[in-house]
Colleague: 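Structure provided below as structure tokens; questions to follow.
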There are 2 protein chains.
Amino acid sequence: MSQARGGNGGRPKRPTMVDVAREAGVALRTVSRVVNNDPTVGPEYVSKVEAAIAALNFRPDERARQLRTGVTGTIGAAVRRIAEVNPELAAIEQTARDCGLTLLAASTDFDEPREREILISMCRQRLDGIIVEPYGENHAYLQPELDAGMPLVAMDRPMSGISVDCVMSDNASGIGIAFHHLSQHGHRRIAYIGDSELVFSGRERAAAFRAALRAHGQPIEGLVHPGPITTERVCAALDTALHGDDPATALVTGNMDTTLTVLRCLGPQAAAQLAIVGFDEVPLADLLQPALTVVAQETFTIGRTAVELLRARMADPSRPVQTVVVPVTLKVRGSGELKP
Amino acid sequence: MSQARGGNGGRPKRPTMVDVAREAGVALRTVSRVVNNDPTVGPEYVSKVEAAIAALNFRPDERARQLRTGVTGTIGAAVRRIAEVNPELAAIEQTARDCGLTLLAASTDFDEPREREILISMCRQRLDGIIVEPYGENHAYLQPELDAGMPLVAMDRPMSGISVDCVMSDNASGIGIAFHHLSQHGHRRIAYIGDSELVFSGRERAAAFRAALRAHGQPIEGLVHPGPITTERVCAALDTALHGDDPATALVTGNMDTTLTVLRCLGPQAAAQLAIVGFDEVPLADLLQPALTVVAQETFTIGRTAVELLRARMADPSRPVQTVVVPVTLKVRGSGELKP
DNA sequence: GTGAAAGCGCTAACAC
DNA sequence: GTGTTAGCGCTTTCAC
């Protein structure tokens with residue numbers, strides 16, 4: 001039994017609360033109360049209204065409700081990639097769901113204009129709050145939104161140009177742990193390859209690695225290789241680190257992409273000889289030979305904390321801005337325990 | 001310079017078009033036109049309005065626009081997991097963006113009530129259309145939404161109880177290709193381990209594998225092992241297949257999870273001995289030893305096609321329902337070319 | 001070209 | 001308890 005179509009371009013008209021009220025023989029207000037589970041409605045009215053709703057297949061229009069009440073029940077997450085392994089995002093989704101919040105996730109895709117586009121769009125949609133894994137270098141354009149009361153939380157990296165809540169891993173400790181672990185296994189020459197120092201985490205981790213070298217009385221030359229993660233750049237860095245006069249016997253890789261690129265550059269044979277500790281968990285790390293020792297971020301905690309910070313700010317817009325640093329954990333699997 | 005706060009719970013009031021109109025000394029209508037880039041506005045008005053918008057940091061409220069115009073410019077994607085590697089979702093997001101559509105993605109998380117909840121919620125939000133990777137067994141409850149004109153497209157699997165557009169891989173051909181490939185490399189006894197036949201793809205793939213065995217005049221006993229993907233079940237199936245009187249020398253795995261579970265059950269040594277062709281691409285397949293030969297789905301095509309089907313239906317709700325079958329491709333990498 | 005007024009579908013004051 | 005009424009912020013007929 002197909003519905004009659006309205007005149008608006010072939011799309012059938014949906015019943016509204018007015019239609020339901022008419023069908024049930026009650027006032028519009030009563031329908032609204034039933035829909036919102038207001039306990040002060042007489043049971044006979046409830047059943048009449050529910051019957052009408054079922055008869056007409058009425059579904060309340062969420063947009064109208066949002067416009068009227070002012071809240072959307074939706075938070076936004078602007079992350080680098082949805083549709084990739086992203087435990088932070090998974091945690092955000094689950095936590096949001098547990099709080100009764102809908103999640104609108106979008107990929108900034110390592111593109112600054114796109115990030116801006118997404119954030120502005122989320123603001124125009126008047127989402128209840130936004131979590132962003134910032135990519136761009138300047139977010140001052142969001143100041144008016146902040147002034148207008150839009151709750152905003154940065155994840156994994158701080159934002160520049162504005163002051164917002166932030167949750168991220170303890171990058172410095174992670175690098176220190178990796179260095180120390182390799183050092184404990186007898187390595188004297190330990191090299192670092194990681195992301196560009198133009199990137200926040202690349203900057204923090206490279207700096208932490210230099211600090212570790214200094215703390216162990218090691219020279220820095222030839223051992224610290226931050227830069228873009230391309231096959232060429234990484235292979236060249238590997239070459240410098242491993243084939244100099246005083247070659248490194250162990251390696252710390254600064255993020256997942258670096259780790260994978262290094263493994264591909266080395267090839268299975270060489271990779272099995274070199275002690276490696278990666279920063280960031282790697283998918284299938286246990287199936288590699290040797291299995292990969294990594295410094296794992298508490299990604300789930302980070303995502304959950306991001307939502308909690310956001311909700312705290314939604315509840316109290318005037319609370320002081322807060323930065324939460326989440327510890328990291330060493331996962332010992334084999335590659336980091338190879339002897340020099 | 002902090003804004004004055006409205007009385008609504010500490011959240012400052014945002015300027016509306018009325019405020020902009022007053023500030024600019026023009027009519028509300030004129031502001032609307034400027035915001036929507038209506039070319040029939042005098043340039044001096046445009047600049048006056050734009051100045052007012054900038055002065056007040058006005059952002060049009062998307063919800064109100066949507067309510068008035070009836071369209072949201074947003075499509076929904078209910079997939080099993082966002083935040084996991086999901087090339088279909090990545091393709092959906094990119095294609096949607098290219099079409100000027102916002103994407104609202106949510107994880108059904110292998111949970112039928114949750115899937116239902118998400119889909120109903122998307123309908124209540126009056127999204128312009130929904131793409132769903134169906135999980136539940138009965139979607140008849142969506143019939144009223146279909147009748148009300150909600151465009152709906154199934155991805156990877158058909159939906160049951162309702163008739164909607166669908167895009168999915170050619171499962172049967174994929175299994176045939178895998179079998180044929182192993183057969184060509186000299187294998188006579190080829191086993192299959194895959195997902196439960198309660199699942200659509202598990203059903204299709206197991207059936208296709210039986211058909212392949214029959215076509216090659218092979219017996220079926222002991223070679224076809226569909227079932228839940230647990231370590232115990234898969235290891236037991238492996239045991240049966242590989243350690244009988246007439247052991248299999250090659251294996252077809254029915255999906256990614258099966259492939260990974262098999263590799264973990266076998267361990268590196270045994271895995272290197274057994275010819276394996278996996279259905280579905282596996283992350284880091286190239287880093288394994290031997291690298292994994294797989295039948296890869298054209299995931300990007302599937303996602304793009306889903307959006308295209310959805311847009312076609314949005315444009316013409318009365319067009320005939322269509323199912324698109326996307327071919328699969330063999331990726332030769334090593335594991336499928338081992339001799340018996 | 002611009003301006004007043006109606007209304008998208010819902011919720012929340014108010015009286016009854 | 002229930003019904004009437006006035007909006008939420010925007011777009012869009014219509015006259016001007």
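We name chains A, B, ... by the order of the sequence lines, and we start the count at 1 in each one.
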Colleague: Can you tell me how far P of D:dT11 sits from CG of B:Asn37, to the nearest Å?
Modeller: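 Atom CG in B:Asn37 sits about 11 Å away from atom P in D:dT11.
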Colleague: Take atom CZ of B:Arg22 and atom C1' of D:dG9, then tell me their distance rounded to the nearest Å.
Modeller: 14 Å
Colleague: Which residue is it: B:Thr108, B:Ile120, B:Asp109? I am looking for the one with a side-chain contact (heavy atoms from CB on, under 4.5 Å) to B:Glu115.
Modeller: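 Only one of B:Thr108, B:Ile120, B:Asp109 forms a side-chain contact (heavy atoms from CB on, under 4.5 Å) with B:Glu115, namely B:Thr108.
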Colleague: To the nearest angstrom, how far is B:Met17 atom CE from D:dG9 atom P?
Modeller: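 Going from B:Met17 (CE) to D:dG9 (P), I get 12 Å.
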Colleague: On DNA chain C, does the nearest nucleotide to B:Thr40 precede the nearest nucleotide to A:Glu62 from the 5' side, or the other way round? Give the residue.
Modeller: B:Thr40
Colleague: Rounded to the nearest 0.5 Å, what separates atom OG1 in B:Thr305 from atom CD1 in B:Ile302?
Modeller: 7.5 Å
Colleague: Separation of B:Asp19 atom CG from D:dC10 atom C1', in whole Å?
Modeller: 13 Å
Colleague: Do A:Asn138 and A:Ser160 have side-chain atoms, one donor and one acceptor, less than 3.5 Å apart?
Modeller: no
Colleague: Once you apply a heavy-atom cut-off of 4.0 Å, does A:Val18 come out as touching a base, just sugar-phosphate, or nothing?
Modeller: nothing
Colleague: Rounding to an integer number of Å, can you tell me how far B:Asp38 CG sits from D:dT13 P?
Modeller: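 Atom CG in B:Asp38 sits about 12 Å away from atom P in D:dT13.
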Colleague: Once you apply a heavy-atom cut-off of 4.0 Å, does A:Arg63 come out as touching a base, just sugar-phosphate, or nothing?
Modeller: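 Since no nucleic acid heavy atom lies under 4.0 Å of A:Arg63, the category is nothing.
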Colleague: Tell me: CG of A:Leu28 to C1' of D:dT5, nearest whole Å?
Modeller: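 In whole Å, D:dT5 C1' and A:Leu28 CG are 10 Å from each other.
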Colleague: If you round to the nearest 0.5 Å, how far is CG of B:Asp61 from CZ of A:Arg126?
Modeller: 4.5 Å
Colleague: Measure from CZ on B:Arg29 to C1' on D:dA15 and round the result to the nearest Å.
Modeller: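 B:Arg29 atom CZ is separated from D:dA15 atom C1' by 13 Å.
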Colleague: With respect to the side chain of B:Thr16, which nucleotide from D:dG7, D:dT2, D:dC10 is positioned closest?
Modeller: D:dC10
Colleague: If only side-chain N and O atoms of A:Thr30 are considered, is one of them under 4.0 Å from the OP1 or OP2 phosphate oxygen of D:dG3?
Modeller: yes
Colleague: Measure the spacing between CD1 of A:Ile53 and CZ of A:Arg59 and express it to the nearest 0.5 Å.
Modeller: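 Rounded to the nearest 0.5 Å, the CD1-CZ separation comes to 10.0 Å.
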Colleague: Could you give the start and end, 5' to 3', of the contact zone on DNA chain C for chain B, using atoms under 4.0 Å from its heavy atoms?
Modeller: C:dG1 to C:dG9
Colleague: Does B:Val41 reach a base, just sugar-phosphate, or nothing at all? Heavy atoms under 4.0 Å.
Modeller: sugar-phosphate
Colleague: What I want to check is whether the side chains of A:Asp38 and A:Thr40 have a donor and an acceptor closer together than 3.5 Å.
Modeller: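 Side chains of A:Asp38 and A:Thr40: pair found under 3.5 Å.
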Colleague: Using heavy atoms to find the nearest nucleotide of DNA chain C for B:Gly25 and A:Arg68 separately, return the residue whose nucleotide is more 5′.
Modeller: B:Gly25
Colleague: Rounded to the nearest 0.5 Å, how far does CG of B:Asn86 lie from CZ of B:Arg81?
Modeller: 11.0 Å
Colleague: Which part of the nucleic acid, if any, lies within contact of B:Val35, taking any heavy atom under 4.0 Å across all strands shown: a base, the sugar-phosphate backbone alone, or nothing?
Modeller: nothing
